[in-house]
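Here is the naming used below: chain letters follow the sequence lines, and residue numbers restart at 1 for every chain.
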Amino acid sequence: MRVESVRGMRDILPEEAVLWQRLEEGIRALFALYGYKEIRPPLVELAELFARGVGEATDIVHKEMYVFPDKKGQMLALRPEATASVVRAYIEHGLYAKGDLAKLYYIGPMFRYEKPQKGRQRQFHQYGVEALGSLDPALDAEVIDLAWHLMERVGLAREGLYLRLNSIGCREDRPAFREALRSYFSARKAELCGDCQRRLEENPLRILDCKEPQCQGAIAEAPKSLDYLCQKCRAHFEELLSFLQDLGLAYELDPRLVRGIDYYTRTVFELCSRELGAQDALLGGGRYDDLVELLGGPPTPGVGFAGGMERLVLVLSQHLTANPDAPDLDVYVVPIGDEGRRKALEVLARLRRAGVAADLEYVGRSLRKAMSVAARRARHALLLGPDELAQGALTLKDLASGESQTLSLAEFLADPRAFLSPLPSGEKGGGDPFPRKTG
RNA sequence: GGGAGCGUAGCUCAGCCUGGCAGAGCACCGCGCUGUGGACGCGGGGGUCGCGGGUUCAAGUCCCGUCGCUCCUCCCA
């Protein structure tokens, strides 16, 4: 029986991988522009890290996490998200001891056992930033600005995006708000769906983003977290709003936005696309001022976001008019006969060491066919046959102009680039959202 | 977790309703054109019809199950 890929795990084939490479390059460049440095935590952690950090009662941990024992019986987990890992590393390596703000970013695979659908795989990829060590609302604003900036760089128009924003307060405010929700929803318990009746005990905040139609009436009139903020949290949030105004970033206050991870405090936000269907959130994040302490570090505030690569690729590919057939080689070597075939590999090796992208007709097609492949893949065809080799020469054909010339093999190999026509500008994958540096 | 649709050549799909030789276009290979590319013409190779079972003289087609994909719901990135 044929072995196939596991459900929810998919291959990114070369054609699509080009898009991923460009996205990753662009994301790294932009994060660097804001002073973030890459961190690469492992994909496997103790399961306990996520149970404590993300929250035992969250769907992510108790329903969707890949958990397994290693040979010593330790419970391990494939990371379902990266913030907990980044914070663990921050504590473990004493990054706080440097007495500075730590600005870290990551890009990599995450794992959640969910029902796969478009834009949602079981192995998926997230990029994200974490800024640890400051309570300044300007930092919240910077993180949100970075999120917007990234989407614009990727080529998404501002009009197609919207920012949902809320503040859910600090741990001092939370008990009062939670109590208010509990007593409010208890009175209307009969209206709630089964899940929400359970959430009433476990975590009444989660009722707020329930999508069940029957719950909507009760949710609409529910207490709002903004009304339960302490003085400091209110001031923090108001300052954030004014910073966003200064930056010209529009937001929609959404009292129902609470997000599905327990570590959030104060600011929570999502940046969404109007071009996506059910999975419209491109990235989400917020503040987590208690997480470092919760995981055994010194009290340290933090703020960050995470975004899904798959969804970005999805939106981005709708905006691209890529030409996958554009030649990617400088030279395609076409040997003729046995002599040519024997000389070809050596010529290839010399070309590549001179920085010329080159490949060889390995399949043994007819000359006519090989020339046709050459025209598709390269800008030059290099013919090596008995006629050429007899006089220590080669035939170089410019496939755009159709002109060919006979050159001395030794002269050509001494500086092959001098004989090759330069790359035409704007050659590949039109509409590149992340223009490469030239030179 | 719940609901719906779809799995046929490398790719896009027709054929299924109404059971009777497994097809088209693109791609690939050869020839026309013996050492020179995109066009054109002619020819060719390719398929456990997702998988398993059932009904039938006969199943790609009908029935049941199963796996996968897509969409909605849910969850979220």
Side-chain angles (χ1 to χ4, degrees), chain A residues 1-2 4-10 13 15 54 58-65 80-83 107-128 147 151 193-196 206 209-213 215 257-261 269-273 276-285 304-315 324-325 327 332 334-337 339-340 361 363-389 395-404 406:
Chain A
M1 201 184 112
R2 197 164 80 174
E4 288 175 353
S5 65
V6 171
R7 180 162 155 88
M9 314 281 173
R10 65 185 205 97
L13 300 176
E15 195 181 327
V54 176
T58 59
D59 285 355
I60 292 177
V61 168
H62 90 268
K63 293 212 298 231
E64 300 173 353
M65 195 157 72
E81 60 107 53
T83 300
I107 302 184
M110 310 290 160
F111 302 86
R112 291 183 201 172
Y113 194 87
E114 294 185 277
K115 195 158 164 177
Q117 59 181 260
K118 200 181 198 102
R120 186 173 82 187
Q121 265 74 44
R122 287 181 178 174
Q123 175 177 328
F124 62 107
H125 300 77
Q126 285 190 332
Y127 55 88
M151 295 306 132
C193 68
D195 279 345
C196 285
R206 304 280 307 135
D209 69 1
C210 179
K211 307 293 192 302
E212 285 294 323
C215 299
L257 181 64
V258 293
R259 304 194 45 74
I261 295 175
F269 65 91
E270 285 180 3
L271 193 53
C272 306
S273 165
L276 292 170
Q279 277 78 46
D280 71 334
L282 286 165
L283 58 85
F305 69 73
M309 290 286 290
E310 277 77 4
R311 284 175 201 182
L312 213 47
V313 169
L314 218 59
V315 178
D325 288 337
Y332 195 72
V334 181
I336 300 159
E339 299 97 326
E361 169 54 40
V363 184
R365 281 176 274 240
S366 68
L367 180 61
R368 272 164 28 79
K369 204 63 207 171
M371 288 304 287
S372 148
V373 170
R376 199 165 54 242
R377 292 202 46 202
R379 291 176 298 111
H380 304 270
L382 193 160
L383 280 75
L384 278 177
D387 297 353
E388 286 83 0
L389 291 172
T395 301
L396 184 69
K397 179 165 185 172
D398 183 315
L399 292 161
S401 69
E403 284 164 25
S404 40
T406 303

Heavy atoms under 4.0 Å, any strand shown: does [X] hit a base, just sugar-phosphate, or nothing?
X         : value
Leu383(A) : base
Arg112(A) : base
Gly364(A) : nothing
Lys369(A) : sugar-phosphate
Gly337(A) : nothing
Ser366(A) : sugar-phosphate
Arg368(A) : base

State the pairing partner of G37(B); accept Watson-Crick or G-U wobble contacts with both distances under 3.5 Å, and report none otherwise. none

Scan every strand shown for a Watson-Crick or G-U wobble partner of G23(B), both distances under 3.5 Å, and answer none if you come up empty.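 G23(B) is paired with C13(B).
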
Between [options], which nucleotide gets closest to the side-chain atoms of [X]?
X         : options                : answer
Ala375(A) : G38(B), A77(B), G3(B)  : G38(B)
Gln117(A) : G30(B), G35(B), U73(B) : U73(B)
Gln126(A) : C75(B), A77(B), G1(B)  : A77(B)
Lys397(A) : C75(B), G30(B), U36(B) : U36(B)
Arg311(A) : G35(B), A77(B), G37(B) : A77(B)
Arg365(A) : C29(B), C76(B), G35(B) : C29(B)
Ser372(A) : C69(B), C76(B), G37(B) : G37(B)

Is it the case that G1(B) (base atoms only) and Glu114(A) (side chain only) share a donor and an acceptor within less than 3.5 Å, ignoring hydrogens and angles?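 Donor-acceptor pair under 3.5 Å: no.
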
Just by distance, do the side chain of Arg311(A) and the backbone of Ala281(A) share a donor-acceptor pair under 3.5 Å? yes

Backbone N or O of Glu114(A) within a donor-acceptor pair of the Arg122(A) side chain at under 3.5 Å?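 Confirmed, Arg122(A) side chain pairs with Glu114(A) backbone.
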
Is there a side-chain contact between Arg206(A) and the phosphate of C76(B), meaning an N or O under 4.0 Å from OP1 or OP2?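 The answer is yes; a side-chain N or O of Arg206(A) sits under 4.0 Å from OP1 or OP2.
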
Spacing of Gln121(A) atom CD and Phe111(A) atom CZ [to the nearest 0.5 Å]: 12.0 Å

